[in-house]
Amino acid sequence: MSLVDTAEIIDLDFQNVPIIDLTDIRSNDAEKRRKLVDNIRDACMQVGFFYVKNHGILDSVTEGALEMAKNFFNLPMEIKMEIENRKTPNFKGYSPLLSGNNDPDGAGDLQEGFEFGWEAPPNTNESMDSGANGVMDGANVWPSEVRVPGFHTKVLQYYHAAVNLGKLMFPLFAMALNLPETFFDDKTQHSAALMKLLHYPPQIGPVDDRIIGIGAHTDWECFTILWQEPGIQALQVLNSEKKWINAPPIPGTLVINLGDQFARWTNDIFKSTVHRAINRSSVRRYSIPLFFGTDYNVKLEPMPSCVSPDRPPKYEVITAGEYVKARLQATPTPIDDKPYTINMDFQDVPIIDLNGMISNDPTERRKLADDIRNACVRVGFFYVKNHGIPDSVTEGAFEMAKKNLDFLRKQRWNAGDLHQGFLLVGQDLPDIKLTNSEAQFDTDSGYNGAMPGTNISPDAASILGLRETIM
Ligand SMILES: O=C(O)CCC(=O)C(=O)O
Ligand SMILES: [Fe+2]
């Protein structure tokens with residue numbers, strides 16, 4: 001059956017992501033290779049995602065890159081920001097938390113990243129950049145060796161292992177499309193091969209569907225080789241019934257998923273499937289995608305095997321580089337068009353000047369609101385100064401508290417279920433009738449929030465001035 005005919009009848013409501021054994025990827029046995037190609041074709045047409053096992057990348061190499069990713073993301077924010085990707089013309093470098101927003105309905109991606117592109121292995125004579133890759137071309141930026149010893153070497157080691165795997169995959173994809181094995185050879189001379197180290201902090205607290213690790217999206221290049229940290233479920237893939245299917249890490253495997261360039265090239269016969277990642281594991285999660293494409297000057301023309309009178313070309317022909325550039329320009333920017341610069345590993349509690357609270361100047365009020373938001377998101381604690389409570393009033397209350405500590409201790413357990421006693425719930429200012437040792441304030445305050453009820457206060461004669469001072 002032709003590819004087009006198969007595509008018409010294939011079942012797309014997959015319930016899991018298939019696992020493909022790559023043992024025969026280099027085999028000279030035509031039959032074994034054919035079997036492997038058939039499995040890849042089925043996965044590409046049905047799911048757009050598959051795991052690969054026996055991929056040949058050594059665990060020690062992957063572990064080296066992971067260790068370096070952890071060391072890098074542990075650096076203080078200001079050091080990471082020295083190589084922020086916005087400072088480089090080709091988007092290489094560090095991207096802080098919430099600086100990306102893959103899903104336009106989302107409130108930002110809760111991940112930080114480090115991105116770099118093609119670079120020859122150290123100690124070779126190849127030039128640093130690949131020459132022909134348009135918008136993403138140019139040198140990488142790296143944290144200094146002093147900051148993260150071994151980072152450059154170990155990360156590049158994993159990068160080259162993954163790039164080599166990617167190069168082995170192209171002939172298999174070509175065969176799966178009934179094309180000669182060599183079809184992509186002249187189109188992948190300077191392959192776009194962008195790698196990202198990603199760190200997803202745990203998403204704890206109330207579930208907010210608008211904030212997730214990486215919002216629903218498709219990848220842009222031909223295919224992605226994704227390493228995900230073992231033991232942490234986060235990645236999900238959308239099937240044709242709009243159901244999110246978990247793609248948990250499987251030890252010893254990598255995930256390969258197709259991107260939009262393959263979908264365009266194959267007239268959607270190969271699926272570029274929507275996916276997202278949410279880290280609700282309560283621990284940090286790391287992942288490392290490598291986005292693998294053709295040279296950027298290659299035209300994404302529908303392949304003859306993927307077009308028929310009933311299935312005319314769906315996409316206009318553009319080059320791979322033009323496509324990536326268009327996607328880059330269409331990427332939604334985060335709130336306020338500027339990233340939150342959040343360091344979750346805060347080392348201090350910020351001090352916020354509340355002077356702006358009484359200001360009529362919208363800029364000053366905006367600044368105050370931004371400061372408060374940053375403190376809330378980053379720390380959950382902040383000092384306030386210029387809060388308007390006179391020192392004399394606080395000192396009076398403090399004085400009374402000190403004087404009457406013994407009394408307070410004694411009365412503490414009489415406060416009852418409402419936890420009142422020394423915690424004063426909003427009341428009218430005292431309409432005080434000091435009658436007995438359990439003197440009470442007027443309880444009908446009209447303020448009935450969560451904790452309405454009667455306050456208790458000490459005997460007025462023995463603790464003269466306590467209530468007046470506190471209230
Ligand atoms: O971290 C993951 O599991 C997915 C990452 C991803 O989809 C991407 O970076 O495009
Ligand atoms: Fe992705």
Side-chain angles (χ1 to χ4, degrees), residues 16-17 44 47-52 62 65-66 69-70 72-73 85 91-104 106 108-117 136 155 158-159 162 166 192-203 211-239 244-251 253-264 270-281 283-293 323-324 327-328 330-332 334:
N16 54 34
V17 173
C44 290
V47 188
F49 269 74
F50 52 96
Y51 295 92
V52 289
T62 316
L66 172 63
K70 288 182 178 174
F72 172 74
F73 290 120
N85 60 358
F91 306 99
K92 306 282 172 51
Y94 172 67
S95 48
L97 280 179
L98 298 176
S99 62
N101 189 15
N102 266 278
D103 180 348
D109 293 339
L110 202 60
Q111 54 151 250
E112 55 179 344
F114 173 80
E115 180 168 334
F116 61 101
M136 301 300 281
V155 169
Y158 176 71
Y159 175 79
L194 286 172
M195 184 167 271
K196 276 188 188 169
L197 309 181
L198 295 175
H199 166 220
Y200 299 82
Q203 289 182 235
I211 297 189
I212 55 181
I214 182 166
H217 69 283
T218 54
D219 293 349
W220 305 350
E221 308 280 358
C222 288
F223 61 94
T224 305
I225 299 176
L226 173 74
W227 176 84
Q228 37 173 350
E229 188 172 11
I232 302 174
Q233 161 58 46
L235 179 64
Q236 295 184 312
V237 185
L238 196 65
N239 75 7
W244 287 107
I245 305 298
N246 285 344
I250 299 178
T253 68
L254 295 162
V255 170
I256 295 189
N257 67 282
L258 306 185
D260 298 344
Q261 290 182 20
F262 258 169
R264 293 177 83 95
F270 274 10
K271 301 292 179 295
S272 174
T273 307
V274 173
H275 55 285
R276 65 180 186 181
I278 310 175
N279 178 18
R280 297 215 180 281
S281 68
V283 292
R284 294 155 180 254
R285 172 189 188 251
Y286 300 86
S287 71
I288 312 180
L290 169 71
F291 304 99
F292 216 88
Y323 181 70
V324 169
R327 286 294 303 263
L328 206 54
T331 300

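Side chains included, hydrogens not; waters and symmetry mates left out as well; all remaining heavy atoms used. Order of listing sets the numbers, starting from 1, for every ligand and every atom in it.
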Are Phe116 and Tyr159 an aromatic pair by the rule of ring centers under 6.0 Å?
yes
Excluding sequence neighbours, so at least two apart, what forms side chain to side chain donor-acceptor pair (under 3.5 Å) with Asn16?
none
Give every pair made of an N or O atom of ligand 1 and a protein N or O atom lying under 3.5 Å apart, one pair per line with both atom names and the distance to 0.1 Å, or write 'none'.
{"residue": "ligand 1", "atom": "1 (O)", "partner": "Tyr200", "partner atom": "OH", "Å": "2.6"}
{"residue": "ligand 1", "atom": "1 (O)", "partner": "Arg285", "partner atom": "NH1", "Å": "3.0"}
{"residue": "ligand 1", "atom": "1 (O)", "partner": "Ser287", "partner atom": "OG", "Å": "2.7"}
{"residue": "ligand 1", "atom": "3 (O)", "partner": "Arg285", "partner atom": "NH1", "Å": "3.2"}
{"residue": "ligand 1", "atom": "3 (O)", "partner": "Arg285", "partner atom": "NH2", "Å": "2.9"}
{"residue": "ligand 1", "atom": "7 (O)", "partner": "His217", "partner atom": "NE2", "Å": "3.1"}
{"residue": "ligand 1", "atom": "7 (O)", "partner": "His275", "partner atom": "NE2", "Å": "3.0"}
{"residue": "ligand 1", "atom": "10 (O)", "partner": "His217", "partner atom": "NE2", "Å": "3.0"}
{"residue": "ligand 1", "atom": "10 (O)", "partner": "Asp219", "partner atom": "OD1", "Å": "3.1"}

Reported OH-to-CZ distance for the pair Tyr286 and Phe72, which is rounded to 0.5 angstrom
11.5 Å
Would you check if [X] and [Y] make a side-chain contact, meaning some heavy-atom pair closer than 4.5 Å?
X      : Y      : result
Lys196 : Thr224 : no
Pro201 : Leu110 : yes
Arg276 : Ile278 : yes
Phe262 : Phe223 : yes

Sorted by chain and number, sequence neighbours left out, ring pair (Phe, Tyr, Trp, His ring centres under 6.0 Å) with Tyr200 holds for none
Checking Arg285 against Gln111: is there a side-chain donor and acceptor pair closer than 3.5 Å?
no
So what's near the Fe ion (ligand 2), protein N, O or S atoms under 2.8 Å?
His217 NE2, Asp219 OD1, His275 NE2
